[in-house]
Protein chains: 2
Amino acid sequence: MKNSIKLLREEKRITQKQLASQVNVSRQAINAIENEKFEPSIWLAYDLAKYFGLSIEDLFHFEESDRK
Amino acid sequence: MKNSIKLLREEKRITQKQLASQVNVSRQAINAIENEKFEPSIWLAYDLAKYFGLSIEDLFHFEESDRK
DNA sequence: TAATGAAGTCAAGTATACTTGACCTCTAGA
DNA sequence: TCTAGAGGTCAAGTATACTTGACTTCATTA
């Protein structure tokens with residue numbers, strides 16, 4: 001599932017580690033989601049969207065072709 | 001996590017089984033989510049929201065107190 | 001050069017979303 | 001009455017989100 005996290009994070013000039021601590025997950029979880037290794041849980045999606053001031057649907061790109 | 005699924009489903013006059021088949025999960029999964037036994041995955045949340053014509057944030061009620 | 005930090009990745013473990021199959025209870029209709 | 005459908009729940013299994021800890025590479029800077 002594609003998302004805008006890496007882009008938005010870089011605009012904010014924060015590291016994966018800093019973003020991870022903002023949303024209470026590990027740095028590896030952020031890395032994996034940015035690189036589409038796995039999909040976030042609904043709470044993590046919510047926390048990330050909230051952190052960037054977006055809706056879940058705007059932060060994550062739901063495309064049928066991305067469905068596992 | 002509270003949600004409006006049961007209410008909206010009953011307004012549409014469809015059963016848990018029918019809703020389940022619309023979003024490609026088991027009847028038990030719908031039942032468990034309606035009764036807050038567990039949280040939906042992000043894709044299921046998306047599919048349910050889309051089915052009812054709502055955003056994920058409008059269908060599911062994210063409240064800190066509900067966080068596990 | 002050497003050291004440090006940021007990012008990518010892997011392995012092993014844990015938590016939980018979801019499945020199938022079963023059983024029970026209640027209600028509505030034949 | 002009897003039966004079928006709807007909903008609630010349980011047990012056991014599978015898939016995957018996420019953790020911790022470790023290692024590597026690359027870029028920046030002392």
Side-chain angles (χ1 to χ4, degrees):
Chain A
M1 170 187 281
K2 294 190 178 60
N3 63 71
S4 319
I5 297 175
K6 183 169 190 160
L7 191 68
L8 292 166
R9 178 177 62 75
E10 287 173 345
E11 279 177 5
K12 288 214 177 213
R13 312 252 182 234
I14 61 170
T15 67
Q16 291 181 346
K17 188 177 179 181
Q18 289 171 326
L19 177 54
S21 84
Q22 288 291 326
V23 295
N24 297 301
V25 293
S26 64
R27 176 182 70 86
Q28 288 84 338
I30 296 297
N31 185 282
I33 289 166
E34 283 190 356
N35 292 291
E36 300 175 40
K37 301 301 180 196
F38 54 68
E39 328 261 319
S41 69
I42 192 166
W43 273 106
L44 178 49
Y46 172 77
D47 285 341
L48 286 166
K50 200 171 166 193
Y51 179 79
F52 289 115
L54 295 174
S55 68
I56 294 177
E57 284 91 342
D58 283 340
L59 183 55
F60 295 94
H61 312 324
F62 296 89
E63 295 186 16
E64 291 310 313
S65 56
D66 286 350
R67 208 180 279 252
K68 282 175 185 172
Chain B
M1 168 187 283
K2 294 190 179 60
N3 63 72
S4 319
I5 297 175
K6 184 169 189 160
L7 191 68
L8 292 166
R9 179 176 62 76
E10 287 173 345
E11 281 178 4
K12 287 213 177 214
R13 311 253 182 236
I14 61 170
T15 66
Q16 291 182 343
K17 190 178 179 181
Q18 289 170 327
L19 178 55
S21 82
Q22 289 291 327
V23 295
N24 297 301
V25 292
S26 65
R27 176 180 72 85
Q28 288 85 338
I30 296 296
N31 185 282
I33 289 167
E34 283 191 355
N35 291 293
E36 300 176 39
K37 301 303 179 194
F38 54 67
E39 328 261 320
S41 69
I42 191 165
W43 273 106
L44 179 50
Y46 171 77
D47 286 340
L48 286 166
K50 200 170 164 192
Y51 179 79
F52 289 116
L54 295 174
S55 67
I56 294 177
E57 284 90 342
D58 283 340
L59 182 56
F60 295 93
H61 313 323
F62 296 88
E63 294 186 17
E64 290 310 313
S65 56
D66 287 350
R67 206 181 281 252
K68 281 176 187 169

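Below, chains carry the letters A, B, ... as their sequence lines are ordered, and counting in each starts from 1. No hydrogens, no waters, no symmetry mates; every other heavy atom, side chains included, goes into these values.
Side-chain atoms of A:Leu19 and A:Ile5, non-hydrogen and from C-beta on, do get closer than 4.5 Å to each other. Residues B:Asp66 and B:His61 fail the side-chain proximity criterion, which asks for heavy atoms closer than 4.5 Å. Under the 4.5 Å side-chain criterion, counting only non-hydrogen atoms from C-beta, B:Lys12 is not in contact with B:Gln18.
A:Glu34 contributes atom CD, which lies 11.0 Å from atom OG of A:Ser4 (distance to the nearest 0.5 angstrom).
Panel note: side chain A:Asn31, backbone A:Arg27; no donor-acceptor pair is recorded below 3.5 Å.
Across the protein-nucleic acid pair, A:Arg67 atom CZ and D:dT16 atom P stand 14 Å apart, rounded to whole Å. When the C1' atom of D:dT19 is taken as reference, atom CG of A:Asn31 falls 14 Å away, rounded to whole Å. The distance from atom CG of B:Leu19 to atom C1' of D:dG7 is 13 Å, rounded to the nearest whole Å.
For the pair B:Asn3 and B:Ile33, the tightest heavy-atom approach, listed with the atom from each and the gap, is ND2-O, 3.1 Å. Nearest heavy atom pair, residue A:Leu48 against residue A:Phe60, reads CD1-CZ, 4.1 Å. Shown here for A:Pro40 and B:Ile42, the closest heavy-atom pair between the two residues is O-CG2, 3.5 Å.
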Run the side chain to side chain contact (heavy atoms under 4.5 Å, CB included) check on B:Leu8 and B:Leu54 step by step: do they pass? CA-CA 11 Å; B:Leu8 292 166; B:Leu54 295 174; 3.7 Å; yes
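Not counting sequence neighbours, the partners of A:Glu10 by the side-chain contact (heavy atoms from CB on, under 4.5 Å) test are A:Lys6. Qualifying side-chain contact (heavy atoms from CB on, under 4.5 Å) partners for A:Asn24, counting only residues two or more places apart in sequence or in other chains: none.
Following chains of ILVMFWY side-chain contacts shorter than 4.5 Å, one cannot reach B:Leu59 starting from B:Leu7, and the two form parts of different hydrophobic clusters.
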Under 3.5 Å, which N/O atoms of the protein pair with N/O atoms of nucleotides 24-30 of chain C?
none

Any protein N or O atoms within reach of nucleotides 20-23 of chain D? Criterion: under 3.5 Å, listing atom names and distances.
from	atom 1	to	atom 2	distance (Å)
D:dG21	N7	A:Gln28	NE2	3.4
D:dG21	O6	A:Gln28	NE2	3.0
D:dA22	N6	A:Arg27	NH2	3.4
D:dA22	N6	A:Gln28	NE2	3.4

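At a non-hydrogen distance threshold of 4.0 Å, B:Ile33, B:Phe38, B:Glu39, B:Pro40, B:Ser41, B:Leu44 from residues 33-48 of chain B come into contact with DNA chain C. Shown for residues 3-17 of chain B: residues whose heavy atoms fall under 4.0 angstrom of DNA chain D, namely B:Lys6, B:Arg9, B:Thr15, B:Gln16.
In this structure, A:Tyr46 and B:Phe62 have parallel ring planes: the angle between them is below the 30° cut-off, well short of the 60° mark.
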